Amino acid sequence: MTDRVLDGGRVGSWRLLAGNPVTVVSAVALTAVLVVALTAHWIAPYGINEVDVPNALRGPSGAHWFGTDELGRDVLSRVLVAVQASMRVALVSVVFAVVVGVTTGVVAGYRGGWVDTVFMRVVDVMFAFPVLLLALAIVAVLGPGVTTTMLAIGIVYTPIFARVARASTLGVTVEPYVQLSRAMGTGSPYILARHVLPNVAGPLLVQTSLSLAFAILSEAALSFLGLGIQPPEPSLGRMIFDSQGFVTLAWWMAVFPGAAIFVVVLAFNLLGDGLRDVLDPRQRTMLEARRKQ
Amino acid sequence: MSASRPVLSVTDLHVGIGRQPIVRGVSLAVHREATLGIVGESGSGKSMTVLAATGLLDAPGAVVSGSSALVSEGDPVELIGASPRALRSVHGGRIGFVFQDPGTSLNPLLRLERQITESLEAHRRPTRREAYARALELLDAVGLPDPEAKLGAYPHQLSGGQRQRVMIAIALACDPELLIADEPTTSLDVTTQAQIIDLVRDLQRDFGTAVVWISHDLGVIGQVADDVTVLHDGTAVEQATVLDVFERPQQPYTRQLLEARPLVGENGPSAIADDAGTLLEVVGLDVRFPVTTPVGPSTVHAVKALSFQIRRGATLGLVGESGSGKSTVAAALTGLVRADAGRAVLDGTDVFTVRRSGGRRAEKALRRRIGLVLQDPFSSLNPRIPVAASIGEPLVVHGLADGRAARRARIDELLDLVGLEPSFASRYPHELSGGQRQRVSIARALALEPELLILDESTASLDVSVQATVLELLADLQYRFGLTYLFIGHDLAVIQRVSHDVLVMRAGEAVEYRPAAELFAAPEDEYTRALLAAVPPARPRDAV
């Protein structure tokens with residue numbers, strides 16, 4: 001009778017996410033970016049390498065919304081396709097980092113002992129390299145190109161996921177429900193799949209969103225240095241590099257690719273913050289309370 | 001109780017979080033030198049009432065209305081809606097607070113002297129020497145041995161009871177008119193609890209402080225309070241003197257609370273046949289833990305050569321205070337920690353030998369035979385999977401009730417056994433109450449039809465009325481299926497209610513091991529007698 005449900009007021013995560021305007025705006029922006037990236041080749045008004053020298057360095061107009069570059073190529077078309085390339089690199093490399101990093105971290109955290117020590121010392125060594133320097137070294141060894149860029153960024157972000165996964169796993173492994181599961185004779189694979197992974201997913205989801213933002217930036221930086229996506233494929237970093245000589249003549253060549261980077265990175269960051277607010281229990285209680293007001 | 005002007009006078013207090021009302025129109029008064037006990041179950045709004053009334057409520061979205069006036073000296077100060085500045089001058093100065101967990105209420109990085117003088121410096125600006133003298137005086141007053149040395153100590157160097165004494169010293173630093181104690185003894189052992197109760201009563205007599213003591217335990221309230229307010233669902237259902245509440249309760253809810261209390265001296269469980277064989281025999285169980293200390297690696301000798309037997313169909317109550325090693329016994333029997341020495345024979349099977357060298361299959365088969373239910377109903381269930389998956393896990397792992405339909409039927413059957421509707425199968429743990437979760441934990445443990453069920457403080461974190469229903473369920477299951485229990489607990493009244501035999505543990509050793517009826521009728525060991533004496537008696541202190 002008095003056996004009351006203590007926290008009956010839980011609200012679903014999706015509804016909480018939907019209740020945060022910043023998160024909604026960032027999710028909408030990301031969806032738009034994703035749609036644009038997937039359909040870039042169809043919606044681009046011009047070919048990405050359609051040279052039109054007489055119309056070179058024209059400012060934004062009805063024919064060329066984002067203007068044209070020094071060869072008369074349409075900046076809008078190139079930005080659209082470059083966003084696609086950036087997103088692809090970022091997604092593939094972060095998925096790589098998640099798979100390798102989470103596996104390493106969860107196994108290290110769950111097994112403990114020498115496995116933990118060895119795995120985590122390797123991660124420490126990887127952490128000790130400056131991000132861009134490590135990526136540069138990998139690109140230097142394997143030669144520039146899209147695949148190398150993905151691999152380089154993926155390797156650079158792996159230790160972050162390993163650390164986050166290990167820390168969360170350590171917390172979950174000592175939970176009574178895992179202890180009880182062991183006492184009942186449940187095997188490690190079942191415990192990992194059923195009890196550990198779902199309970200460490202929250203912080204990893206947040207980290208994924210934030211890492212995507214940084215991966216976009218890393219790709220732009222590598223391409224800017226000429227080590228990422230190779231011309232004639234357009235990339236945001238390369239476009240900014242190419243615009244350097246014309247900044248005083250044609251601001252649009254630098255501003256629009258830069259704005260594209262800005263929008264995508266900001267959207268991923270805001271989404272990450274929104275996810276963190278919802279998935280962190282302490283923040284969550286506050287959000288729920290605010291909703292109920 | 002007394003006719004003097006109250007120290008704190010609360011009128012028609014309402015608290016809501018968002019649109020949900022938590023406290024609905026509570027009025028109360030606390031008098032000088034008197035203690036008001038506020039009793040209620042979890043979720044009854046007892047902490048909210050007091051926090052809101054003292055202006056300490058800091059929950060987002062909380063809406064507070066009504067009046068709460070601090071009226072003892074000078075002009076009355078209205079605490080509800082007061083400015084943060086006004087509240088700061090009152091908190092720590094005229095109102096002192098002691099909370100439940102002495103482990104987290106103290107700053108681990110500061111020496112005790114600094115923590116005790118903090119509020120003093122905020123409110124009175126004493127010189128260094130005055131502050132030191134006052135801190136020393138306070139530590140002496142709360143009965144800490146060697147107060148001078150303790151001033152330079154850090155919180156981790158004290159025991160739980162000593163930390164709570166320090167918290168009381170801090171609360172009393174500025175001679176407050178009102179002391180708020182929110183479940184101050186709930187996380188302490190019974191013997192420590194009894195000492196803290198005596199301490200607060202003594203201090204109250206010496207300093208004339210008014211006290212508000214919040215507790216879910218009517219036994220404790222009976223020992224400390226002069227007046228009692230019974231809260232239920234945010235409403236004060238009964239307000240009377242402690243004697244009236246205990247001897248002449250007016251409301252059915254109060255009577256229910258009184259009846260749900262397990263009391264020492266009540267009847268134990270129904271008797272079992274004399275010729276019941278032994279199910280588990282433990283001989284010379286020894287467990288040591290390696291620990292890392294600042295001075296290098298060391299070992300904790302948690303269980304020292306412990307021997308006992310459990311009769312088939314009976315309950316062995318294993319009782320002791322925190323740190324006595326009683327939970328380690330459960331961990332060793334279920335294979336969560338390794339036993340260093342000794343034997344445990346479960347119906348002919350040598351448990352530790354099978355674990356060490358019996359092979360994977362034999363080990364898994366053994367795990368089926370010993371079930372485990374832990375204390376905390378909140379962390380015993382994975383929050384991300386529904387009840388059916390939790391109960392179904394052992395079935396899947398051990399290949400029982402094969403097939404979706406068979407498993408589903410078995411889960412429904414198990415839910416029914418523990419008194420839950422089949423509709424609970426699809427619910428998630430956060431949608432259940434503490435008692436319901438504990439029932440699910442029991443159902444999961446029963447899924448494997450274990451011969452021995454280990455209940456490690458399994459009812460300790462439940463409200464009294466919920467605890468009573470879970471204890472009833474356990475007794476019923478034992479009666480119907482002839483289950484054998486190892487019931488680990490710290491509450492002697494609960495132990496007496498369920499146990500056929502009792503083993504009292506202290507510092508890893510058995511101090512007394514006898515049939516329950518004999519032990520409770522005439523405890524032989526001094527420690528057992530001390531434990532029994534520390535249990536709050538059935539009648540309030542004023543009645544004696």
Side-chain angles (χ1 to χ4, degrees), chain A residues 1-13 16 19 112-113 168-169 171-205 277 279-293, chain B residues 17-20 41-44 59-63 232-233 253 256-257 331 334-336 363-368 370-376 378-385 389-390 393-394 396-398 428-436 441 444-445 447-448 454 462-463 465-466 469:
Chain A
M1 15 112 269
T2 49
D3 195 4
R4 301 177 18 140
V5 176
L6 294 174
D7 54 354
R10 279 272 174 267
V11 182
S13 298
L16 274 185
S168 314
T169 305
V172 175
T173 308
V174 297
E175 285 287 328
Y177 55 83
V178 174
Q179 299 288 320
L180 279 166
S181 207
R182 279 188 185 159
M184 286 187 299
T186 308
S188 294
Y190 190 101
I191 292 181
L192 284 174
R194 210 59 204 257
H195 298 306
V196 177
L197 277 179
N199 282 294
V200 302
L204 289 171
L205 202 58
D277 289 351
L279 297 170
D280 178 349
R282 278 164 302 172
Q283 300 272 9
R284 189 180 165 123
T285 317
M286 290 186 47
L287 286 174
E288 279 168 350
R290 265 194 223 122
R291 257 182 70 93
K292 284 183 200 153
Q293 265 182 325
Chain B
I17 300 283
R19 282 190 217 101
Q20 193 172 4
E41 305 196 1
S42 54
S44 61
V63 184
H232 178 44
D233 221 1
Y253 180 72
Q256 226 169 46
L257 276 186
T334 50
L336 291 174
E363 206 241 324
K364 200 166 166 180
L366 179 64
R367 288 190 184 277
R368 267 196 71 177
I370 304 179
L372 178 64
V373 179
L374 296 178
Q375 169 174 0
D376 185 3
F378 290 84
S379 57
S380 291
L381 298 173
N382 182 345
R384 300 207 179 251
I385 60 177
S390 279
E393 178 183 328
V396 174
V397 168
H398 289 271
Y428 282 84
H430 68 76
E431 297 169 316
L432 309 182
S433 67
Q436 289 166 345
S441 291
R444 176 176 54 185
L448 297 174
I454 300 179
L462 303 175
D463 283 328
S465 62
V466 182
T469 60

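Quantities reported herein were computed from a predicted structural model and do not represent experimental measurements. In what follows, every chain begins at residue 1, and chains take the letters A, B, ... in the order their sequences are listed.
Shown here for Arg367(B) and Gly335(B), the closest heavy-atom pair between the two residues is NH2-O, 4.3 Å. For Thr186(A) against Tyr190(A), the heavy-atom pair with the smallest separation is CG2-CD2, 3.3 Å.
Considering only residues two or more places apart in sequence or on other chains, Arg444(B) meets the side-chain hydrogen bond (donor to acceptor under 3.5 Å, both in side chains) condition with none of them.
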Task: Trace of the side chain to side chain contact (heavy atoms under 4.5 Å, CB included) decision for Tyr177(A) with Val172(A) - done: CA-CA 9 Å; Tyr177(A) 55 83; Val172(A) 175; 3.8 Å; yes
- [ ] Test side chain to side chain contact (heavy atoms under 4.5 Å, CB included) on Leu257(B) and Glu41(B) and set out the steps.
- [x] CA-CA 9 Å; Leu257(B) 276 186; Glu41(B) 305 196 1; 3.2 Å; yes
TODO: Go through the steps to decide whether Leu372(B) and Arg182(A) satisfy the test side chain to side chain contact (heavy atoms under 4.5 Å, CB included), and finish with yes or no.
DONE: CA-CA 11 Å; Leu372(B) 178 64; Arg182(A) 279 188 185 159; over 6 Å; no
Open item on the list: Working note: Met184(A) + Val397(B), criterion side chain to side chain contact (heavy atoms under 4.5 Å, CB included); need CA distance, chi angles, decisive distance, verdict.
Closed with: CA-CA 8 Å; Met184(A) 286 187 299; Val397(B) 168; over 6 Å; no
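Residue contact with chain A, scored on non-hydrogen atoms closer than 4.5 Å, involves the backbone of Leu381(B) exclusively. Residue Asn382(B) touches chain A through both its backbone and its side chain, counting heavy-atom pairs closer than 4.5 Å.
Within residues 194-204 of chain A, the residues having any heavy atom under 4.5 Å from a heavy atom of chain B are, by residue number, Arg194(A), His195(A), Pro198(A), Asn199(A).
Interface summary for chain A: among His398(B), Glu393(B), Arg384(B), the most heavy-atom pairs under 4.5 angstrom belong to Glu393(B).
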